[in-house]
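Let me begin by presenting the structure, written as structure tokens, before commenting on it.
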Amino acid sequence: MQRIMLKSKLHRVTTTHSELHYEGSCAIDENLLEAADIREYEQIDIWNINNGERFTTYAIRAERASGIISVNGSAARKAAPGDLLIIASFVNMDDAEAARHTPRLVYADAQNRVARIGHQIPAQAIRQEAA
């Protein structure tokens with residue numbers, strides 16, 4: 001059996017540009033692409049924290065150390081400068097590979113620089129409602 005597993009994600013990057021008339025894709029600072037092991041032209045899913053939009057496109061390279069996250073083409077209508085995004089890539093693997101797999105989780109600071117890299121998301125605890 002094959003499973004689709006989270007390969008990597010860029011967590012809470014900030015949209016810097018929204019270019020409606022640029023060729024469709026998402027330009028990502030080359031440092032962030034390398035940190036998340038996302039290749040240019042690789043399919044990515046983007047989830048907009050601000051407005052709930054979810055869409056699929058592909059990654060292109062933006063200037064290294066620029067902090068650029070530019071949502072382009074028709075997807076530009078789904079993210080505005082200042083919006084926080086999660087950008088994810090996935091991989092197909094068999095059960096044996098999936099059992100050993102840990103994703104690459106890249107957490108960004110406010111300037112879209114790598115703040116830290118992790119490999120595991122903690123279990124979500126039940127929140128106690130205020131009385």
Side-chain angles (χ1 to χ4, degrees):
M1 173 184 353
Q2 290 285 306
R3 297 182 186 266
I4 301 171
M5 303 294 291
L6 177 67
K7 183 184 72 141
S8 61
K9 77 171 179 174
L10 295 167
H11 192 73
R12 296 181 69 90
V13 293
T14 302
T15 306
T16 59
H17 300 78
S18 186
E19 303 286 344
L20 183 62
H21 298 291
Y22 191 84
E23 187 172 348
S25 56
C26 180
I28 302 171
D29 179 324
E30 196 167 1
N31 286 342
L32 291 172
L33 287 176
E34 288 176 0
D37 187 28
I38 297 173
R39 293 185 183 251
E40 190 166 29
Y41 308 115
E42 183 173 343
Q43 179 177 308
I44 54 175
D45 285 341
I46 299 178
W47 307 315
N48 189 322
I49 295 168
N50 291 73
N51 64 21
E53 289 282 359
R54 301 169 74 91
F55 54 97
T56 301
T57 187
Y58 61 94
I60 61 171
R61 184 173 32 86
E63 183 178 343
R64 183 178 298 279
S66 64
I68 290 174
I69 301 291
S70 182
V71 180
N72 302 321
S74 61
R77 299 210 185 269
K78 297 181 178 283
D83 285 356
L84 292 175
L85 307 176
I86 297 170
I87 300 174
S89 67
F90 294 87
V91 65
N92 288 318
M93 48 181 67
D94 63 32
D95 278 341
E97 292 172 305
R100 297 185 308 273
H101 175 69
T102 57
R104 189 163 180 87
L105 311 171
V106 179
Y107 299 88
D109 68 13
Q111 288 75 44
N112 290 335
R113 294 180 304 225
V114 176
R116 69 183 172 89
I117 297 174
H119 297 281
Q120 184 176 7
I121 298 170
Q124 185 170 346
I126 297 174
R127 258 178 105 150
Q128 298 297 322
E129 296 299 321

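The first residue of the sequence shown is numbered 1, and numbering continues consecutively from there. Because only heavy atoms are used, hydrogens play no part in the values below, and waters and symmetry mates are left out as well, while side chains stay in.
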Q: Taking all heavy atoms of Ala110 and all of Thr14, pick out the closest pair and write down the distance.
A: O-OG1, 4.1 Å
Q. Are Val71 and Tyr22 co-members of a hydrophobic cluster defined by side-chain heavy atoms under 4.5 Å apart?
A. no
Q. How close do Thr16 and Gly67 get, heavy atom to heavy atom, and via which atoms?
A. CG2-O, 3.4 Å
Q: Search all heavy atoms of Pro103 against all heavy atoms of Leu6 and return the closest pair with its distance.
A: CB-O, 3.4 Å
Q. Which residues pass the side-chain hydrogen bond (donor to acceptor under 3.5 Å, both in side chains) test with Asn48, sequence neighbours left out?
A. Asn51, Asp83
(Q) Testing the basics here: between Lys9 and Ile121, what is the closest heavy-atom pair and its distance to 0.1 Å? (A) NZ-CD1, 4.1 Å
(Q) For Arg3, I'd like to know if atom CZ has over 12 heavy atoms of other residues, nucleotides or ligands within 6.0 Å. (A) no
Q. Hey, are the side chains of Phe55 and Asp45 touching, using non-hydrogen atoms and a 4.5 Å cut-off?
A. no
Q. Quick one: NE2 on His11 to CD1 on Ile117, what's the gap to the nearest 0.5 Å?
A. 14.5 Å
Q. Sequence neighbours excluded, which residues qualify as salt bridge (Lys or Arg N to Asp or Glu O under 4.0 Å) partners of Glu97?
A. none
Q: Check side-chain contact (heavy atoms from CB on, under 4.5 Å) between Arg116 and all other residues, then give those that pass, not counting sequence neighbours.
A: Tyr107
Q | Spacing of Ile69 atom CD1 and Ile87 atom CD1 [to the nearest 0.5 Å] | A | 4.5 Å
Q) Going by the side chain to side chain donor-acceptor pair (under 3.5 Å) test, which pairs reach into residues 117-126, not counting sequence neighbours? A) none
Q | Whether Asp29 side chain and Ala65 backbone form a donor-acceptor pair below 3.5 Å | A | yes
**Q.** Test item: Glu53 and Arg77 side chains (from C-beta on) under 4.5 Å apart, heavy atoms
**A.** no
**Q.** For His17, all residues meeting ring-ring contact (aromatic ring centres under 6.0 Å, His included), sequence neighbours excluded
**A.** none
Q) In Å, rounded to the nearest 0.5 Å, how long is the span from NZ of Lys78 to CH2 of Trp47? A) 15.0 Å
Q | Residue from Ile28, Asn31, Leu32, Thr15 passing side-chain contact (heavy atoms from CB on, under 4.5 Å) with Asn112 | A | Leu32
Q | Atom CD of Glu23 with >12 non-hydrogen neighbours under 6.0 angstrom | A | no
(Q) Starting from Ile44, can I reach Val13 by hopping between I/L/V/M/F/W/Y residues whose side chains sit under 4.5 Å apart? (A) yes
Q. Looking only at heavy atoms, what is the nearest atom pair of Leu84 and Arg12, with distance?
A. CD1-NH2, 3.1 Å
Q: Can you measure from CG (Asn50) to CG (Leu85) and round to the nearest 0.5 angstrom?
A: 8.0 Å
Q.
Between Ser25 (side chain only) and Tyr58 (backbone N and O only), is there a donor and an acceptor less than 3.5 Å apart?
A. no
Q. What distance separates Lys7 NZ from Arg104 CZ, expressed to the nearest 0.5 Å?
A. 10.0 Å
Q) For the residue pair Cys26 and Thr57, what are the closest heavy atoms and their distance? A) CB-CG2, 4.1 Å
Q | Single-linkage hydrophobic cluster, 4.5 Å side-chain cutoff, Ile38 and Phe90 together | A | no
Q | Partners meeting side-chain hydrogen bond (donor to acceptor under 3.5 Å, both in side chains) with Ser8 (sequence neighbours left out) | A | Ser89
Q) About how many Å separate CG of Leu33 and CD of Glu40, when rounded to the nearest 0.5 Å? A) 7.5 Å
